[in-house]
Amino acid sequence: VGPNHSKTFQFTVTAPSTPGTYAFQWRMVQELVEWFGDFTAFVAVTVGDVGSEASPFGVVSAAGIGNDVRRQDDLQALGAGWVRVAFEWPHMEPSKGNIQWDLPDRIVNEMSARGINIYWDFSYAPCWANGRPQAAGGGCLNPDDEHYPPLNQQDLYDFVYAVVNRYKDRVHYWGTWNEVNLQQFYRGGANPVDRVDRFVANELQTTINAIKAADPTAKVVVGELSSSGDEFPLLRKILDAARGRFDVISHHVYDGGDTCQGRLAQTIDPLRASLLAWGYGSVPLWVTETGLQDSEAAKSSYLVCFYNAMKSRPWWAKTFWYRYEFEGVPGRSWGLLDGGPDQYTPNQTYFTYQTLILGANGAAAVAQSVPTSMVAGQRSVVSVTMQNTGTSTWTAARGYKLGSQSLPDNLIWGTGRVDLAASDGIEPGQSKTFTFTVTAPATPGAYNFQWRMLREHVEWFGDLTPNVPVTVS
């Protein structure tokens with residue numbers, strides 16, 4: 001690189017395993033001679049845990065997850081930091097003033113306990129509020145009538161205010177109506193322009209007013225349009241109408257020939273150019289829906305391509321996969337799970353997403369120290385050293401542990417698990433020495449001593465330590 005020429009260094013960095021704020025700054029050096037010239041501009045980078053608000057990974061889930069512990073466990077094991085759940089107004093308030101809190105309470109409590117953030121968007125209207133025919137037992141006589149907007153904006157305001165006020169300590173990001181540019185989801189006009197004009201003058205303002213009144217610190221997400229090909233001018237109407245009152249721009253990305261590159265070329269990159277031209281380039285973009293109804297191989301390939309594209313575009317902050325649960329037909333579904341309620345099982349795309357989020361697991365047995373003879377009931381300090389040969393980072397919060405083998409999960413030595421310290425973050429290439437106390441069995445004999453790494457409720461992985469026969473007398 002000669003005088004007055006430039007060099008662009010492109011390289012991959014790995015975020016620290018411990019959440020916090022870290023400096024990113026560089027300078028030229030002639031190794032073993034001197035540092036020289038300017039420092040690059042100082043950039044403070046926020047690193048969050050997988051379950052923190054900084055996580056870029058999300059899913060779209062049905063409200064039924066609140067009744068299904070196994071589905072909740074699988075979502076936690078997936079590692080996604082965010083879930084967008086369909087808490088729809090018609091289902092929560094089937095009659096005026098009669099808000100049903102049981103299911104949303106369960107979902108909010110369970111997700112909070114598992115370190116999963118909720119993005120809540122306010123969509124649709126009960127028929128008592130929009131004037132459409134009601135069924136005898138409550139609800140709409142025609143379920144599609146939920147997509148008509150309310151006649152009285154005060155009814156919407158009261159509902160939004162009540163919800164935000166109840167959950168503001170645990171839910172911090174709130175959105176507006178789903179896909180108002182599509183007739184099937186917002187029946188407020190005969191064409192997309194009429195629908196969006198009505199929405200920005202009514203439900204958009206009402207929802208933001210109620211959110212901010214209930215929680216002035218709340219983050220407002222606006223957009224939620226579907227990539228129908230004509231949505232950019234409509235999105236600008238929404239952004240301009242909410243200018244200065246929102247924190248995130250959301251969009252749903254489909255079409256593009258149902259290919260990753262097609263969707264990037266047709267929607268993501270042109271959308272970025274438009275946002276810059278309109279003066280919204282500094283506002284984070286969330287893709288709050290994208291997915292593919294196809295084979296597991298095709299879905300997995302699309303998912304990896306799409307999320308890798310996000311990593312290379314820093315203004316694109318989060319993506320929510322549609323959908324978490326099975327939807328479609330066997331062999332060609334949208335979901336990360338196959339089967340039905342109470343029988344859901346993770347599929348290939350689930351495990352592809354999990355590896356993308358958490359990295360692949362691998363471990364090599366480096367060393368272990370254990371006496372080859374002990375007295376019945378004797379307590380001894382032993383050690384096992386394992387090296388992380390995968391691409392994931394081992395932390396206690398993510399369920400990484402040392403577990404007994406020969407037979408798996410045995411309690412021969414008084415314990416079947418050895419935990420990492422809460423402060424541990426064993427990154428790829430690093431090793432961890434587990435030092436712990438074992439108790440010899442009460443009955444004399446020969447017993448096996450062998451261990452292996454695992455991620456609790458997910459998998460055993462990597463090398464087994466050499467099996468050591470211990471004679472107990």
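Just so we're clear, the structure is a prediction, and the values are computed from it rather than from any experiment.
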- prompt: Under 6.0 Å between ring centres, would you say that holds for W321 and Y307?
  reply: no
Query - Test item: V171 and Y173 side chains (from C-beta on) under 4.5 Å apart, heavy atoms - result: no
TODO: Say whether T40 and Q25, considering side chains only, have a donor N or O and an acceptor N or O under 3.5 Å apart.
DONE: no
Between the CE atom in M453 and the CE atom in M386, the distance rounded to the nearest 0.5 Å is 6.5 Å
Open item on the list: Check for me whether the distance between the ring centres of Y124 and W89 falls short of 6.0 Å.
Closed with: no
Check: Would E110 and R114 satisfy salt bridge (Lys or Arg N to Asp or Glu O under 4.0 Å), going step by step from the backbone distance to the final call?
Finding: CA-CA 6 Å; E110 287 293 339; R114 295 165 187 272; 3.3 Å; yes
Sequence neighbours excluded, the answer for side chain to side chain contact (heavy atoms under 4.5 Å, CB included) partners of S112 is V108, R170
Across all chains, not counting sequence neighbours, the salt bridge (charged side-chain N to carboxylate O under 4.0 Å, His left out) partners of R84 are D121, E224, E289
What I want to find out is whether R398 reaches E456 closely enough, with some N-O distance under 4.0 Å, to be called a salt bridge. no
Note to self: Looking only at the aromatic ring of each residue, does the gap between the centers of Y324 and Y344 stay below 6.0 angstrom?
What the structure shows: no
Practice prompt. Could you tell me whether R332 and D294 make a salt bridge, using a distance below 4.0 angstrom between a side-chain N and a carboxylate O?
Written response: yes
Is the distance between the ring centroids of W286 and W316 under 6.0 Å?
no
Note to self: When you compare the side chain of V221 with that of W174, does any pair of heavy atoms fall below 4.5 Å?
What the structure shows: no
For S406 and N448 the tightest heavy-atom approach is OG-ND2, 3.2 Å
Side-chain donor-acceptor pair present, S380, Q378, cut-off under 3.5 Å: yes
Of D424, N388, N361, T393, the one forming a side chain to side chain donor-acceptor pair (under 3.5 Å) with Y400 is N361
Salt bridge present between E459 and R455 (N-O < 4.0 angstrom): no
